[in-house]
Amino acid sequence: MTAVIRKTIDINSDLGESFGAWRMGDDAALLAVVSSANIACGFHAGDPDIMRRTVALAVGHGVAIGAHVSLPDLQGFGRREIPVTPSEAYAMTLYQVGALHGFAQAAGTRLHHVKPHGALYNMAARDRRLADGIAQAVRDFDPTLCLFGLANSALVDAGREAGLPVAAEAFADRRYRSDGSLQPRREADAVIVESDEAIAQAMAMVREGRVRAVDGDIVELQADTLCVHGDGAHAVAFARQLRASLEAADIGIRAPGQRA
């Protein structure tokens with residue numbers, strides 16, 4: 001396969017996932033590394049004060065701000081599948097995007113993108129009707145917002161058909177199945193814990209447009225953005241290593257649609 005020639009790639013991270021007095025991750029340190037921030041909107045994590053603070057931090061670092069919308073599942077951190085209709089997905093997406101928009105506007109900035117979280121993300125990746133509900137909510141709120149979705153998934157297709165800018169997402173530290181879906185977290189070895197292995201996977205996805213699935217199959221994908229998770233013990237160090245590796249390969253780091 002001919003190598004994919006990329007000039008830029010986005011690095012995004014899920015942030016603002018603390019709640020009340022409970023803290024998760026080092027958002028300030030990650031915001032110095034990533035180019036896009038997906039900020040929790042209160043359904044799986046985050047609260048109004050955390051949302052406000054995280055938006056302010058993102059503005060200070062010049063990082064693109066996105067709404068990280070979820071199923072209403074604080075206790076399960078949004079990772080438990082809850083049956084919802086496309087209409088319900090539409091309403092909860094619109095509700096959460098509107099909430100974060102308020103904080104962005106108050107901070108003198110605007111939203112750049114929307115990315116579903118956890119179970120909602122994976123459900124929309126395979127269920128086109130659910131994906132359409134999310135895409136329609138984003139379009140109805142602001143058709144210039146970019147929709148982030150798993151590369152080669154129903155969510156990306158729905159976003160494109162809705163006329164939205166779309167960013168196909170790949171994961172540096174998650175293992176893939178041969179159909180292009182992510183190996184579920186409930187299964188052993190779903191998360192790549194060795195930094196060098198995750199960096200190698202990310203570089204292959206960016207430079208070659210492919211990833212090796214758990215069964216050995218090669219999955220072709222074109223990624224516009226790479227996700228790094230902010231809740232691990234070595235999240236900041238890994239994000240820094242990933243960015244350094246990309247820049248060493250002469251690949252710029254930039255949010256989708258953002259000019260140099």
Side-chain angles (χ1 to χ4, degrees), residues 9-74 77-78 91-118 120-121 134-135 137-149 159 164-167 169 224-232 235-236 239-240 243 253-259:
I9 191 74
D10 177 48
I11 301 177
N12 79 78
S13 189
D14 305 340
L15 303 175
E17 294 183 322
S18 299
F19 185 82
W22 183 79
R23 293 291 178 264
M24 173 179 279
D26 188 345
D27 288 358
L30 274 168
L31 282 164
V33 181
V34 302
S35 44
S36 294
N38 320 308
I39 300 177
C41 300
F43 271 39
H44 77 281
D47 60 43
D49 194 48
I50 295 296
M51 292 166 71
R52 180 181 63 84
R53 293 181 187 183
T54 310
V55 165
L57 283 171
V59 170
H61 285 280
V63 171
I65 295 171
H68 201 31
V69 301
S70 172
L71 295 169
D73 182 25
L74 275 174
F77 197 64
M92 68 178 66
T93 298
L94 191 61
Y95 182 97
Q96 292 174 80
V97 172
L100 191 66
H101 164 75
F103 290 106
Q105 182 169 286
T109 189
R110 64 180 300 275
L111 297 184
H112 169 267
H113 65 275
V114 175
K115 175 186 168 181
H117 164 80
L120 182 61
Y121 181 95
I134 293 169
V138 176
R139 181 196 61 197
D140 289 351
F141 184 86
D142 181 352
T144 71
L145 291 178
C146 185
L147 180 61
F148 283 25
L164 295 168
V166 169
E169 183 176 37
D224 303 305
T225 183
L226 290 173
C227 179
V228 293
H229 290 103
D231 55 350
V236 175
R240 289 172 176 158
R243 179 164 186 142
I253 310 302
R254 192 178 309 150
Q258 193 175 69
R259 295 183 178 180

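Note: hydrogens, waters and symmetry copies are ignored here, and every other heavy atom, side chains too, is used. No experiment lies behind these values; they were computed from the predicted model shown.
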Please examine the side chains of Arg139 and Leu164, heavy atoms only from C-beta on, and report whether any two atoms are closer than 4.5 Å.
yes

Any donor-acceptor N/O pair, Ser35 side chain to Asp10 backbone, under 3.5 Å
no

Could you pull out all residues at least two apart from Asn12 that satisfy side chain to side chain donor-acceptor pair (under 3.5 Å)?
Asn38, Lys115, Glu169, Thr225

According to salt bridge (Lys or Arg N to Asp or Glu O under 4.0 Å), who are the partners of Arg110, at least two apart in sequence or on a separate chain?
Asp142

Non-hydrogen side-chain atoms of Ile39 and Arg53 separated by less than 4.5 Å
no

Apply side chain to side chain contact (heavy atoms under 4.5 Å, CB included) to residues Phe141 and Thr93 and explain how you reach the verdict.
CA-CA 10 Å; Phe141 184 86; Thr93 298; over 6 Å; no

Would you confirm whether Gln96, through its side chain, and Met92, through its main-chain N or O, come within 3.5 Å as a donor-acceptor pair?
yes

Close side-chain approach of Ile11 to Arg243, heavy-atom, < 4.5 Å
yes

Determine whether Pro256 and His113 make a side-chain contact, defined as any pair of heavy atoms from C-beta on separated by less than 4.5 Å.
no

Please collect all ring-ring contact (aromatic ring centres under 6.0 Å, His included) contacts where either partner lies in residues 24-49, sequence neighbours excluded, each pair once.
Phe43-Tyr95, His44-His68, His44-Phe77, His44-His117

Quick one: salt bridge (Lys or Arg N to Asp or Glu O under 4.0 Å) partners of Glu17, sequence neighbours excluded?
none

Are side-chain heavy atoms of Ser36 and Phe148 found at a separation under 4.5 Å?
yes

side-chain contact (heavy atoms from CB on, under 4.5 Å) partners for Ala235, two or more places apart
none

For residues 25-34, dump all side-chain donor-acceptor pairs below 3.5 Å to protein atoms at least two apart in sequence or in another chain.
unit_1	atom_1	unit_2	atom_2	d
Asp26	OD1	Ala29	N	3.2
Asp27	OD2	Gly16	N	2.9

